[in-house]
Amino acid sequence: MGSGNKLAATVVVVTFAVLMAAVTTTCQAAYGPPNPASCGLKVGYYYAKCPHAEEIVKNVVGAAILHNPGVGAGLIRMLFHDCFVEGCDASVLLDPTPANPQPEKLSPPNMPSLRGYEVIDAAKAAVEAACPGVVSCADIVAFAARDASFFLSNSRVAFQMPAGRLDGRYSNASRALDFLPPPKFNLGQLVANFATKGLGMEDMVVLSGAHTVGDSHCSSFVPDRLAVPSDMEPPLAAMLRTQCPAKPSSGNDPTVVQDVVTPNKLDNQYYKNVLAHRVLFTSDASLLASPATAKMVVDNANIPGWWEDRFTKAMVKMASIEVKTGGNGEIRRNCRAVNH
């Protein structure tokens with residue numbers, strides 16, 4: 001073999017080795033759409049290691065939602081905010097430290113609006129009492145989002161969540177700003193944002209349906225969506241002008257429900273609201289900006305079970321983004337801090 005061929009062969013071997021190393025440590029969206037199997041995740045991952053892990057998490061989540069349904073919306077949102085930044089690795093849970101004073105949870109998309117941290121803490125404590133050092137915080141976040149979907153939908157959204165994620169050791173507030181789509185994004189920006197994580201246009205439309213539960217700070221849509229003229233339904237716009245200041249500030253930024261029809265129920269009402277121009281965000285309204293996404297909205301609004309079926313699949317897909325495995329992660333003892 002000539003020297004040129006030897007060099008080429010060496011480059012191929014090295015490139016393949018680097019690629020395989022990357023695949024075994026973190027499941028990157030760059031290698032195609034997120035897929036649980038290719039990331040080493042599987043349903044029933046803890047059946048032998050901690051048989052009651054999922055049941056324990058579900059009981060904690062159910063009790064929390066019974067006390068405050070709003071926390072359920074926070075747990076669903078937490079999975080999205082975790083997975084889009086550094087992958088599904090519980091990096092959103094890490095507290096600030098002298099070595100890392102600005103983790104993700106202090107970034108504007110998460111602070112002060114992201115809720116549910118105390119539920120994850122309680123679930124982790126209960127799981128640790130049963131099986132110390134076995135269940136990752138990243139898997140607890142994924143289970144909690146699945147369980148919140150179940151309870152808020154009155155069991156209409158029920159699915160198995162593959163597990164086997166490890167917890168990450170890195171969290172930076174600036175990365176949340178880089179990857180989490182703001183509510184002022186238009187359709188093209190949303191599609192491009194989801195594509196960076198291996199998710200398609202339909203995934204984006206389907207996951208947006210989670211806006212059928214939870215609250216929003218007025219600053220997320222004021223003044224843009226309440227300007228005159230606006231495509232928002234006039235009675236809703238008028239009501240929101242009585243609830244929100246004209247210029248929200250850190251000291252005056254109330255919250256309002258995102259779905260005025262079924263605010264505490266995970267259902268397809270969101271899509272009916274989009275069609276009726278009863279949604280808060282520019283990103284919500286933008287789903288009608290193309291024939292393809294508008295048809296998805298109509299189908300989700302009108303075909304029984306259509307959205308629920310697609311939402312379960314999209315949640316599992318999203319929960320497989322850039323999963324940490326091998327030496328690239330750990331199982332934290334405390335979800336708020338890396339192990340030492």
Side-chain angles (χ1 to χ4, degrees), residues 33-34 73 76-77 79-81 83-84 109 113 145 149 152-153 156-157 179-227 229-237 239-240 256-263 265-315 317-318 321:
I76 296 171
R77 185 169 174 238
L79 179 65
F80 172 59
H81 281 222
C83 291
F84 263 56
S113 60
S149 301
L152 291 178
S153 68
R156 286 177 59 84
V157 176
F179 291 107
L180 291 173
K184 297 180 181 180
F185 262 13
N186 61 34
L187 181 60
Q189 291 170 316
L190 285 173
V191 172
N193 175 268
F194 275 67
T196 64
K197 298 300 175 182
L199 300 177
M201 182 185 292
E202 186 175 29
D203 297 317
M204 181 273 293
V205 173
V206 166
L207 290 168
S208 295
H211 288 173
T212 192
V213 289
D215 299 337
S216 168
H217 282 272
C218 292
S219 58
S220 294
F221 60 91
V222 177
D224 306 49
R225 294 280 290 150
L226 297 186
S230 169
D231 77 340
M232 186 182 289
E233 179 194 56
L236 176 61
M239 182 183 74
L240 291 171
V256 297
V257 296
Q258 294 194 84
D259 178 352
V260 296
V261 182
T262 58
K265 186 177 179 183
L266 189 72
D267 56 17
N268 69 338
Q269 181 63 43
Y270 166 80
Y271 300 98
K272 299 174 184 178
N273 293 345
V274 171
L275 293 171
H277 300 275
R278 291 195 203 110
V279 286
L280 300 184
F281 305 148
T282 298
S283 58
D284 295 328
S286 77
L287 299 187
L288 297 179
S290 82
T293 54
K295 183 182 185 305
M296 294 175 193
V297 170
V298 170
D299 289 344
N300 286 321
N302 294 321
I303 303 175
W306 186 270
W307 172 73
E308 289 86 352
D309 177 66
R310 280 153 182 77
F311 183 72
T312 62
K313 293 178 174 65
M315 286 285 280
K317 192 174 178 182
M318 180 178 70
I321 293 174

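Remember, predicted model here, so these are calculated numbers, not experimental data.
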Val256: partners by side chain to side chain contact (heavy atoms under 4.5 Å, CB included), with sequence neighbours left out: Cys218, Phe221, Leu240, Gln243, Cys244, Leu280

Can you check whether Asn268 reaches Thr212 side chain to side chain, under 4.5 Å on heavy atoms? no

With sequence neighbours excluded, tell me which residues meet side-chain hydrogen bond (donor to acceptor under 3.5 Å, both in side chains) with Lys265. none

Taking the side chain as everything from C-beta on, heavy atoms only, tell me whether Met204 gets closer than 4.5 Å to Leu199. no

Residues in ring-ring contact (aromatic ring centres under 6.0 Å, His included) with Phe311, at least two apart? Trp307

Across all chains, not counting sequence neighbours, the side chain to side chain contact (heavy atoms under 4.5 Å, CB included) partners of Pro263 are Val257

Hits for side chain to side chain contact (heavy atoms under 4.5 Å, CB included) against Phe179, two or more places apart or cross-chain, chain-then-number order -> Val85, Arg175, Lys197

Sidechain-backbone polar pair: Gln258 side chain, Val213 backbone, donor-acceptor under 3.5 Å: yes

Salt bridge (Lys or Arg N to Asp or Glu O under 4.0 Å) contacts touching residues 200-214 (sequence neighbours left out): Glu202-Arg310, Asp203-Lys317

Does any non-hydrogen side-chain atom of Arg225 lie less than 4.5 Å from one of Leu236? no

Nearest heavy-atom pair of Pro181 and Phe84: which atoms, and what distance? CD-CD2, 4.3 Å

Extract all donor-acceptor atom pairs below 3.5 Å that involve side chains of residues 291-304 and protein atoms in other chains or at least two apart in sequence.
| residue | atom | partner | partner atom | Å |
| --- | --- | --- | --- | --- |
| Thr293 | OG1 | Leu287 | O | 2.7 |
| Thr293 | OG1 | Ser290 | O | 3.3 |
| Thr293 | OG1 | Ser290 | OG | 2.8 |
| Lys295 | NZ | Asp299 | OD2 | 2.7 |
| Asn300 | ND2 | Met296 | O | 3.0 |
| Asn302 | ND2 | Val298 | O | 3.2 |

All heavy atoms of Pro109 vs all of Leu180, minimum pair found to be CB-CD1, 3.7 Å

Pairing residues for Thr312 by the side-chain hydrogen bond (donor to acceptor under 3.5 Å, both in side chains) criterion, not counting sequence neighbours: none

Closest heavy-atom pair and its distance - Ser220, Pro183: O-CG, 3.5 Å

Going by atom types only, do Ser286 and Asn186 share a side-chain donor-acceptor pair under 3.5 Å? no

What residues form a salt bridge (Lys or Arg N to Asp or Glu O under 4.0 Å) with Arg77, not counting sequence neighbours? none

Heavy-atom pair with the smallest gap, counting every atom of Asp267 and Thr262: OD2-OG1, 3.0 Å

Value rounded to 0.5 Å, distance of CG in Asp231 from CG in Leu288: 8.5 Å

Ile76 versus Ala145, closest heavy-atom pair with distance: CG1-O, 3.9 Å

Which residues share a side-chain hydrogen bond (donor to acceptor under 3.5 Å, both in side chains) with Asp284, sequence neighbours left out: His211, Tyr270

I'd like to check Val205 versus Leu190 (side-chain heavy atoms, cut-off strictly below 4.5 Å). Are they in contact? no

Note, Leu207 side chain near Met315 side chain (heavy atom, < 4.5 Å): yes

Taking side-chain hydrogen bond (donor to acceptor under 3.5 Å, both in side chains) as the definition, give me every residue that meets it alongside Gln269, ordered by chain and number, with sequence neighbours left out. Asn273

In chain order, what residues pass the side chain to side chain contact (heavy atoms under 4.5 Å, CB included) check against Arg156, with sequence neighbours excluded? Ser153, Glu308

